[in-house]
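Just below is one structure, and these are the notes that go with it.
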Amino acid sequence: MADLTTNFVGIKSPNPFWLASAPPTDKEYNVRRAYEAGWGGVVWKTLGEAGPPVVNVNGPRYGAIWGADRRLLGLNNIELITDRPLEVNLREIKAVKRDYPDRAMIVSLMVPCEEAAWKAILPLVEETGADGVELNFGCPHGMSERGMGSAVGQVPEYIEMVTRWVKQNTRMPCIVKLTPNITDIKQPALAALRGGADAVSLINTINSITSVDLDLFAPEPTIDGKGAHGGYCGPAVKPIALNMVAEIARTPEMAHLPISGIGGVTTWKDAAEFMALGAGNVQVCTAAMTYGFKVVQEMISGLSDYMDKKGMVATSELVRKAVPNLSDWQHLNLNYIAKAKINQDLCISCGRCFAACEDTSHQAIAMSEDRTFTVKDDECVACNLCVNVCPVEDCITMEQMAAGAVDPRTGRTVQPEYANWTTHPNNPGVVTAAE
Ligand SMILES: Cc1cc2nc3c(=O)[nH]c(=O)nc-3n(C[C@H](O)[C@H](O)[C@H](O)COP(=O)(O)O)c2cc1C
């Protein structure tokens, strides 16, 4: 059976599934039950410095986007960091860690951008026996207006400086959590590396307004007639998070920087994808908030089955497995030719493929009088839109043309070797025979 144990920056956990810093990890009651349900680790809800209490809104703090079946696809929140007293959190962290020594316990921190503030809080966390700290440079609302959270995470120099302070003032491993609300994720990640970070985690939430109340004329969630932007997460952000993880993993200077992947992880498959693109483990928030702590059990059994089927015995065999296949567009094989194929036994004659292709793409699907839909190979460019709009899984597939076959659209013979073809250096869209 596959061994799911992970060792992330020296922190051991029985599986790669950690709960991300958020409401599921904000108190002892939650974290004990999360561990009992099987979570390998938690990142405790972000702590701030002792002092004036953090006060949350007393109205709706979430907005959402749903699919047609009302499944939650995206969640938006305007919650702040913990609003519980520092000493209560620290006491609870210590008690839980003592009782679950085999689980990872990371403490998320966000204090003002002053060395004294970091120096003051780090020994308090160390004293709890926690395994490490995660620096929250990501929250896009509420705290950033006070010069914390993403206000730090958007300035690489600040990230480097604060990370260095933390590394100088604690022996605990330091994970830097990155905000996606920037242009180039590599810059803050490189800054964290320069500052001495042991790892990066990403993504925190994305700036968002999910909807507007058209009677009140205010963004939702609406508090007494007003709304503010919040942080977006859940399945909808997974593609953005995957790309950011991949961007870091494929950068040579960061090839050895451990990554904790976060953003829309809902199933074992999402987790496996993050890991294949470079994440050493994953963190989960929205899926637990939607389905409860036991959602981790499907993740554990699914990943274990998958690894068994692939003959992988350790998660390290999966981590970065897809990174060598990450490429840039100009290196894609333009000699690879596929055509759409419609399985008539599965087709329900809804005509979505026809409407999409005829009206917006390449007019490559024919409709007969009895609503039989067929692909015109001499028009099909294999764009995949018909596959994506078809409501029946696997009804339309893309079939690769064999070497030696002639593409009826271009008259080009499919070459046996990618190496025989190259893209034109000044115009990557033009394929020419290689020397
Ligand atoms: C209600 C809520 C509160 C959150 N609070 C924090 C926080 O205190 N610190 C932090 O680093 N991230 C916080 N996050 C962000 C999550 O840790 C995570 O990065 C984000 O939700 C993406 O993961 P997901 O798609 O699995 O939800 C919060 C998210 C939500 C939904």
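Atoms within a ligand are numbered from 1 in the order they appear, just like the ligands themselves. Values reported hereafter were calculated over all heavy atoms of this structure, with side chains retained and with hydrogens, waters and symmetry mates removed.
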Note: ligand 1 atoms sitting under 4.0 Å from heavy atoms of T46 are 7 (C), 8 (O), 9 (N), 10 (C), 11 (O)
Review point. Any luck finding a side-chain donor-acceptor pair between E126 and T170 under 3.5 Å?
Key: yes
Closest non-hydrogen atoms of I78 and N56, given as atom of the first, atom of the second and distance, are O-OD1, 4.4 Å
Within the 4.0 Å heavy-atom cut-off, what K177 brings close to ligand 1 is side chain
Exercise for review: Run the contact test for I203 against ligand 1 with a 4.0 Å cut-off on heavy atoms, strictly below, and give the result.
Suggested key: yes
Note: ligand 1 atoms sitting under 4.0 Å from heavy atoms of P23 are 1 (C), 2 (C), 3 (C)
Assess whether atom OH of Y158 is packed by more than 12 heavy atoms of other residues, nucleotides or ligands within 6.0 Å. no
Going by the 4.0 angstrom heavy-atom rule, the piece of K45 near ligand 1 is side chain
Here the atoms of ligand 1 under 4.0 Å from any heavy atom belonging to Y62 are 1 (C)
Note: ligand 1 atoms sitting under 4.0 Å from heavy atoms of T286 are 24 (P), 25 (O), 26 (O), 27 (O)
Determine all donor-acceptor pairs shorter than 3.5 Å in which one atom belongs to a side chain in residues 63-70; sequence neighbours excluded.
{"unit_1": "D69", "atom_1": "OD1", "unit_2": "R71", "atom_2": "N", "d": "2.9"}

Worksheet item: Is there a donor-acceptor contact under 3.5 Å linking the side chains of N76 and S208?
Response: yes
Atoms of ligand 1 under 4.0 Å from any heavy atom of A20, numbered from 1 in the order shown, are 17 (O)
So the atoms of ligand 1 within less than 4.0 Å of a heavy atom of G263 turn out to be 23 (O), 25 (O)
### Task
Take every heavy atom of G234, measure it against each atom of ligand 1, and state whether any distance is under 4.0 Å.
yes
In ligand 1, the atoms that come under 4.0 Å of a heavy atom of G264 are 24 (P), 25 (O), 26 (O)
(Q) Please verify the inter-ring angle class for F8 with W18; under 30° counts as parallel, over 60° as perpendicular, anything in between as tilted. (A) perpendicular
Using the salt bridge (charged side-chain N to carboxylate O under 4.0 Å, His left out) rule, take E160 and R164 through it: C-alpha gap first, then chi angles, then the decisive distance, then the call. CA-CA 6 Å; E160 182 178 343; R164 190 163 288 128; 3.0 Å; yes
Within the 4.0 Å heavy-atom cut-off, what N204 brings close to ligand 1 is both
message = Over 60° means perpendicular and under 30° means parallel, so tell me whether F17 and W39 are parallel, tilted or perpendicular.
response = perpendicular
Output yes when the distance from some N or O of ligand 1 to some N or O of A287 is under 3.5 Å, and no in every other case. no
Partner of E92 under salt bridge (charged side-chain N to carboxylate O under 4.0 Å, His left out), picked from K27, R84, K45, is R84
Honestly, for I262 the part within reach of ligand 1 (heavy atoms, under 4.0 Å) is side chain
Should N169 and W118 be marked as a side-chain hydrogen bond (donor to acceptor under 3.5 Å, both in side chains) after you check the CA-CA gap, both sets of side-chain angles, and the distance that decides it? CA-CA 8 Å; N169 287 290; W118 290 94; over 6 Å; no
Note: heavy atom closest to atom 14 (N) of ligand 1, options C233, S21, P235, belongs to S21
Test of proximity, N136 against ligand 1: N or O pairs below 3.5 Å
yes
